[in-house]
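Following: one structure in structure tokens, then a few remarks.
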Amino acid sequence: MTSQGADDEGLDVEDAFIGLGSNLGDRIGELERAFDEIAGLPATTLVARSSYYESAPVDAGGDDYLNAVAHIRTALDPVELLRALQGIEARHGRSRPFPRAPRTLDLDLLLLGGRAMATPELTLPHPRIGERAFVLVPLAEIAPGIDVPGRGRVEALRAKVSGQAIARLDR
């Protein structure tokens with residue numbers, strides 16, 4: 001479950017949370033392989049992974065999504081981490097023919113340390129983190145007391161999306 005042990009190498013590391021989703025093909029297989037690839041990123045350790053959750057697409061069509069959240073500790077800077085995640089998506093055949101298109105794999109950098117930033121390439125925390133049960137429910141599972149910079153505690157945010165249907169998969 002861990003990779004190259006960023007903590008063991010004396011590097012400055014930060015906690016990061018990544019949302020994973022898939023609604024095409026072998027959804028469980030896609031997410032399992034993505035967890036393995038995230039764990040294999042340089043200067044990164046996979047700390048925890050949530051259960052899998054199924055939910056209907058939000059503001060889009062297509063099959064139901066399978067979602068999860070990964071907690072990592074990494075010495076990668078935000079843009080390096082984003083590009084590494086985009087590389088994993090590309091290896092999984094991710095295409096972007098139109099906004100919110102169905103996808104084999106979607107990886108969203110949700111949080112990185114307590115950083116708040118907005119550039120054309122990356123916004124932290126993720127701009128829609130407080131609007132989606134499929135992010136907040138698995139995030140609350142593995143990091144129940146976490147603060148989302150500028151938005152509050154994950155439990156309070158989760159309560160705001162309690163009307164969104166989401167089901168934990170028993171495996």
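Both backbone and side-chain heavy atoms feed into the values below; hydrogens, waters and symmetry mates do not. FYI, the numbering just counts along the sequence from 1.
- Not one N or O on the side chain of Ser50 forms a donor-acceptor pair closer than 3.5 Å with the backbone of Glu141.
- The two residues Ala56 and Asp64 come nearest to each other via the heavy atoms CA-OD1, 3.4 Å.
- Taking every heavy atom of both residues into account, Leu105 and Glu30 meet most closely at CD1-O, 4.3 Å.
- Closest approach of Ala165 and Ser55 over heavy atoms only: O-CB, 3.7 Å.
- Considering CG of Leu20 and CZ of Arg33, their distance stands at 12.5 Å, rounded to 0.5 Å.
- Applying side chain to side chain contact (heavy atoms under 4.5 Å, CB included) to Leu41 and the options Thr74, Leu46, Leu81 leaves one that passes, Leu81.
- In this structure, Tyr53 OH and Leu66 CG are separated by 11.5 Å, a value rounded to the nearest 0.5 Å.
- Ring-plane geometry between Tyr52 and Phe35 is classed as tilted, the angle between the planes lying from 30 to 60 degrees on a 0 to 90 degree scale.
- Residues Leu157 and Leu139 form no side-chain contact, since every pair of their non-hydrogen atoms from C-beta on lies 4.5 Å or further apart.
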| message | Apply side-chain contact (heavy atoms from CB on, under 4.5 Å) to residues Glu37 and Glu89 and explain how you reach the verdict. | response | CA-CA 10 Å; Glu37 291 177 65; Glu89 288 178 333; over 6 Å; no
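- Rounded to the nearest 0.5 angstrom, Asn23 CG and Arg103 CZ are separated by 7.0 Å.
- Put simply, the side chain of Arg49 does not reach to within 4.5 Å of the side chain of Ile142, judged on heavy atoms.
- Looking only at side-chain heavy atoms (C-beta outward), Arg132 and Val161 stay at 4.5 Å or farther from each other.
- Linking ILVMFWY side-chain heavy atoms closer than 4.5 Å, directly or via other members, places Leu31 and Ile28 in a single hydrophobic cluster.
- Considering only residues two or more places apart in sequence or on other chains, Leu24 meets the side chain to side chain contact (heavy atoms under 4.5 Å, CB included) condition with Pro102, Thr104.
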Counting only pairs under 3.5 Å, give me each side-chain donor-acceptor contact of residues 112-126, with atom names and distances, residues two or more places apart or in other chains.
unit_1	atom_1	unit_2	atom_2	d
Arg115	NE	Glu14	OE1	3.1
Arg115	NE	Glu14	OE2	3.3
Arg115	NH2	Glu14	OE1	2.8
Thr119	OG1	Glu121	N	3.2
Thr119	OG1	Leu122	N	3.0
Thr119	OG1	Leu122	O	3.2
Glu121	OE1	Arg83	NH2	3.2
Glu121	OE2	Arg83	NE	3.1
Glu121	OE2	Arg83	NH2	3.3
His126	ND1	Arg128	N	3.1

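- Leu111 places a side-chain heavy atom less than 4.5 Å from the side chain of Pro149.
- With salt bridges taken as basic N to acidic carboxylate O contacts below 4.0 Å, one links Glu54 and Arg27.
- For the atom pair CZ (Arg151) and CD (Glu131), the distance works out to 8.0 Å, reported to the nearest 0.5 Å.
- The CG atom of Leu110 sits 9.0 Å away from atom CG of Leu136, with the distance rounded to the nearest 0.5 Å.
- In this structure, Asp106 CG and Tyr65 OH are separated by 6.5 Å, a value rounded to the nearest 0.5 Å.
- Between Leu85 and Ile38 there is a side-chain heavy-atom pair separated by less than 4.5 Å.
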